[in-house]
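Okay, so here's the structure we're looking at.
Below, each value reflects all heavy atoms present in this structure, side chains not excepted, and no hydrogens, waters or symmetry copies.
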2 protein chains.
Amino acid sequence: MPERQPSRRDAIRNREAVLAAADALFTRRQSPEDVTMADVAASAGVGKGTLFRAFGDRAGLLRALYEARLEPVRRAVESGPPPLGPETPPRDRVPALLDAALCFKLDNRRLALALEGSGGSSPYRAEHYERWHGLLRAVLEQIPGLTDSDFTAHALLAATRADLVEHLAGEERVPRERMRSQLAHFVTRVLASGPLPGVTVEE
Amino acid sequence: MPERQPSRRDAIRNREAVLAAADALFTRRQSPEDVTMADVAASAGVGKGTLFRAFGDRAGLLRALYEARLEPVRRAVESGPPPLGPETPPRDRVPALLDAALCFKLDNRRLALALEGSGGSSPYRAEHYERWHGLLRAVLEQIPGLTDSDFTAHALLAATRADLVEHLAGEERVPRERMRSQLAHFVTRVLASGPLPGVTVEE
DNA sequence: TAGAATCCGGACCCTGGGTCCGCTTCAACG
DNA sequence: CGTTGAAGCGGACCCAGGGTCCGGATTCTA
C-alpha cells in the first residue's frame, strides 16, 4: 500500500509540491517521455527518495495525477445532472460519456498519453479504465437491440485512446469541435442501427 | 538508411539468424518487455554491434519482423481475390479488411504489442498504420452516405489495437471466433446506418 | 524539551539501449 | 592460390533513467 495518506506536515506539503510540479512539467514538455523522475523531484525541490516513497513508482505518480484530474468528471458521471449523470436515458448517455472521455483526453493529452503508454502493463488493467468500461457496458446493455455490450464498450472507448486523440489533435490539426462531432456521429451510427425495425443489412 | 540489404554472405546469414531468433523469442516470452536486445543477439549467436548495424535500433528490428509477417496480408489486400482484394465491393471489403487486421493481431500478439507499445513515438506515425488507414479510408469513402471517412477509419482500426486484442484474448479469454464475430457486428452497425434514408439522429 | 518515530534527500546501484574500435572474414583481383 | 582492403564482427564500454538506501534532519508526543 504505497498510496496511503502521510501524517506529518512536511510529508503532506511535499506530496502536494510533487503533484503540482509533475502537473506543470507534463503540460509544459512536448512528450511525456522527457519528463524524468529526477526532473520532477528537482522541480518540486525534493529528493528522489521522497518522490518514490510518496508514489511508489512512476506509474503511481501518473495514476495519482490522473485520478485527481479525473475526479470532477467522475463525480459528474456518478451523481451529476444529465446528460452525464445516471438519470439520463441510455441512448443519450452513451454519447455524453464518450464525449466526456474525449474532452478529458483533449484537456489532458500529455498526461493521458504518459499513462496509457507507460510501457509496462496495458492500459486495460488500469482501474479507471475498468470503471469507464464497466459503466459504459452497463449503459449499453440497457439499450434494446444492442448486443455484445462488452465488446462494443471496448470498441467505442478505443476511439478515444490518448495516442489517437493526440495524433488527430497534434499531427493532423483536427480542431476540437470537429473531433467531438465526428465522434458523436460515429457513436450515433453504432447506436442507430440496433433497435430500429426494418433496418437490416442487405446481404 | 540503415535498412539496406548487405552484400556479404555472413552479413546476410547473420541478418536471417537475428530475425529468426527474435521471432522465436517474441513468441516464446510472455511480455515483449522482457525480450532484451542482448537476449536477441545472444540467442542469434551474434554480437550486439551486428544486431544494431543490421537494424538500426530496437524499433527497426520490430518493424522488420512485423513487415515480414505482414507481407502476405499486404499482398492479399493489394492484389488478391475477394473479399480482401481490390475487386470487392466496398460494403464487403471493409469488414474483410478489419477482420484481416484482427486476425493478424491475434496471430502476432506479442509482436504487434511490442511494436505499438514501443514507448517512443505513437503507433500512428508508423508507415504500416498509414497504409491500413489510407486504404480503409479510401474504401469507406466509396460507401454512399458515409461521412467522416478519415475519422471512421481511425475509430474502426482502434477496435483492433494490439493491446485491446491482447487483453480480450489473454485476460478475458474471449475465443478467437467470438471476437471476430463481435468485431464484424460492430463494423456492420457502423456501416449500416449511413446510407439509409430516414434514419436521423433525433436532436 | 527529550525521545522516538517518521521523513528527507542525494549518493548509489542496476538494467538495458546504443556506440566504438581493434580484430576477423570475405571476395575480388593479380 | 596469395594478397589486400573493405565490409563486417562482437564484446567491452557508455549513459540515461528508474528505483533503493541510510545517515541525518524534522516533527509529533509526553
Notebook entry, point to check: How long is the line joining CG of B/D39 and C1' of C/dG16, in whole Å?
Noted result: 10 Å
Check: With respect to the side chain of B/D10, which nucleotide from D/dG17, C/dC7, C/dC26 is positioned closest?
Finding: C/dC26
Check: Once you round it to whole Å, what is the distance between P of C/dC14 and CE of A/M37?
Finding: 20 Å
Notebook entry, point to check: Hey, is A/E16 close enough to A/R13 for a salt bridge, meaning N to O under 4.0 Å?
Noted result: no
Checklist line | Whole angstrom value for the distance that separates P of C/dG16 from CG of B/D57 | finding: 17 Å
Item checked: Charged N-O contact under 4.0 Å between A/E177 and A/R180 -> yes
Check: Using 4.0 Å as the upper bound for N to carboxylate O, is an ion pair formed by B/D163 and A/R125?
Finding: no
Check: Is there a donor N/O on one and an acceptor N/O on the other, under 3.5 Å, for the side chain of B/R8 and the base of C/dT25?
Finding: yes
Item checked: Residues B/R131, B/E67: salt bridge by 4.0 Å N-O rule -> yes
Check: Is a salt bridge present between A/D23 and A/R69, judged by a nitrogen-to-oxygen distance below 4.0 Å?
Finding: yes
Item checked: All pairs passing salt bridge (charged side-chain N to carboxylate O under 4.0 Å, His left out) where residues 132-146 of chain A contributes a residue, at least two apart -> A/R137-A/E141, A/R137-A/D150
Notebook entry, point to check: How would nucleotides 10-15 of chain D be written as a contact map, 5' to 3', with B for base contact, S for sugar-phosphate-only contact and - for no contact, using protein heavy atoms under 4.0 Å?
Noted result: BB----
Next item on the list: For the pair A/H167 and B/Y124, name the ring-plane relationship: parallel under 30°, tilted 30 to 60°, perpendicular over 60°.
Entry: parallel
Checklist line | Closest contact, heavy atoms only, A/T27 versus A/R110 | finding: O-NH1, 3.2 Å
Notebook entry, point to check: If each of B/R13 and B/V35 is mapped to the nucleotide of DNA chain C with the nearest heavy atom, which maps nearer the 5' terminus, i.e. the 5' end?
Noted result: B/V35
Next item on the list: Return the value, rounded to whole Å, for the distance between atom CD1 of B/I12 and atom C1' of C/dA27.
Entry: 13 Å
Item checked: Whole-Å distance separating the CG atom of B/L61 from the C1' atom of C/dG18 -> 14 Å
Notebook entry, point to check: Between atom CZ in A/R9 and atom P in D/dC28, what is the gap in whole Å?
Noted result: 5 Å
Next item on the list: Would you kindly give the CD-to-P distance between A/E33 and D/dA16, to the nearest whole Å?
Entry: 16 Å
Next item on the list: Choose from D/dC9, C/dG17, C/dC8 the nucleotide whose nearest atom is closest to any side-chain atom of A/A11.
Entry: C/dC8
Next item on the list: Compare side-chain N and O positions of A/T36 against OP1 and OP2 of D/dG18 and report whether any pair is under 4.0 Å apart.
Entry: yes
Check: Which one, D/dG18, D/dC9, C/dG18, comes nearest to the side chain of A/R58?
Finding: D/dG18
Next item on the list: Would you mind reading off the distance between A/F52 atom CZ and C/dC8 atom C1', rounded to a whole angstrom?
Entry: 15 Å
Next item on the list: Using a strict 4.0 Å threshold on nitrogen-to-oxygen distance, state whether A/R178 and A/E172 make a salt bridge.
Entry: no
Protein N or O to nucleotides 28-30 of chain C N or O, pairs below 3.5 Å:
none

